[in-house]
Structures are given as structure tokens and as C-alpha cells.
Amino acid sequence: MMLWQLVVAAYGDPEAEGREKILAWGAAELAHSRYGGTLGGLPAGAEDVIRIAWEEFGIRLDLTTATEALEERRRSISG
């Protein structure tokens, strides 16, 4: 399943297995595209992921979860 399909499904189901992690992945992807994507900006940081998770999904992430989501995103694009 594509990332955004997972995110939408998790967002809509508060009891979804792995919900926090899935929404963190979505927030990490948004943070990258907003702050570190093709605009040549600095790479997105965990604080960006935490802020976006709250603003977009209404969940509070801890620093560890946000950092892990960013690391997972970086691993998935680097092969």
C-alpha cells in the first residue's frame, strides 16, 4: 500500500495498528517536501516532524518517534 493510503487509513482509525508510526512517516514526508526537498533548504529535522504531526494530524509525537520516522524516510530513498 502506498504511504498516503496508509496515512489516510491510520488517520481515520484511532485504533489502527501502528497508527502513531504511520502518521509519523507521513509527517516526515511532509517535512521533507516542505523544508528540505527541491528548494535546497536544510534537511527537515525532528522538530519539523513533531510540528507537522500536530498541525496536520492532531497527534503529539515524541522526539524519538519523529527521529525514527525521518531516519526511515532517508533509508527508503537512499536504497
Side-chain angles (χ1 to χ4, degrees):
M1 198 180 284
M2 299 290 295
L3 172 64
W4 294 113
Q5 290 172 318
L6 289 171
V7 170
V8 169
Y11 181 74
D13 181 3
E15 302 299 319
E17 185 175 336
R19 181 177 193 261
E20 182 178 71
K21 185 175 281 191
I22 293 167
L23 294 177
W25 291 338
E29 184 64 32
L30 286 173
H32 173 75
S33 66
R34 290 179 185 176
Y35 303 112
T38 59
L39 300 177
L42 295 174
E47 296 81 13
D48 299 317
V49 175
I50 291 168
R51 184 177 55 258
I52 288 172
W54 175 247
E55 292 171 354
E56 300 295 335
F57 306 129
I59 63 165
R60 295 202 184 271
L61 296 178
D62 60 34
L63 188 59
T64 301
T65 303
T67 301
E68 288 172 354
L70 277 174
E71 290 172 359
E72 178 64 30
R73 190 204 175 277
R74 289 178 184 135
R75 275 193 299 272
S76 69
I77 62 169
S78 66

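What's counted below: heavy atoms across the whole structure, side chains too, no hydrogens, waters or symmetry copies.
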How long is the straight-line distance from [atom2] of [Y] back to [atom1] of [X], given to the nearest 0.5 Å?
X: Asp13; Y: Ile22; atom1: CG; atom2: CD1; answer: 9.5 Å
X: Ile52; Y: Ile59; atom1: CD1; atom2: CD1; answer: 12.0 Å
X: Arg75; Y: Glu68; atom1: CZ; atom2: CD; answer: 8.5 Å
X: Glu20; Y: Leu61; atom1: CD; atom2: CG; answer: 5.5 Å

Minimal non-hydrogen separation, [X] against [Y], with atom names:
X: Ala24; Y: Ala69; value: O-CB, 3.5 Å
X: Phe57; Y: Ala27; value: CE1-N, 3.7 Å
X: Leu70; Y: Gly45; value: CD1-C, 3.3 Å
X: Gly26; Y: Val7; value: CA-CG2, 3.8 Å

State plainly whether one hydrophobic cluster holds both [X] and [Y], where clusters connect Ile, Leu, Val, Met, Phe, Trp and Tyr through side-chain heavy atoms under 4.5 angstrom apart.
X: Val49; Y: Leu63; answer: yes
X: Leu30; Y: Val8; answer: no
X: Tyr11; Y: Leu3; answer: yes

Carboxylate-amine/guanidinium proximity below 4.0 Å for Glu56 and Arg34:
yes
Before accepting this row, confirm whether a basic side-chain N of the pair Arg74/Glu71 lies closer than 4.0 Å to the acidic partner's carboxylate O.
no
Which residues share a salt bridge (charged side-chain N to carboxylate O under 4.0 Å, His left out) with Glu29, sequence neighbours left out
Arg73
Which residues share a salt bridge (charged side-chain N to carboxylate O under 4.0 Å, His left out) with Glu47, sequence neighbours left out:
none
Are more than 12 heavy atoms, taken from residues, nucleotides or ligands other than Glu55, located less than 6.0 Å from that residue's CD atom?
yes
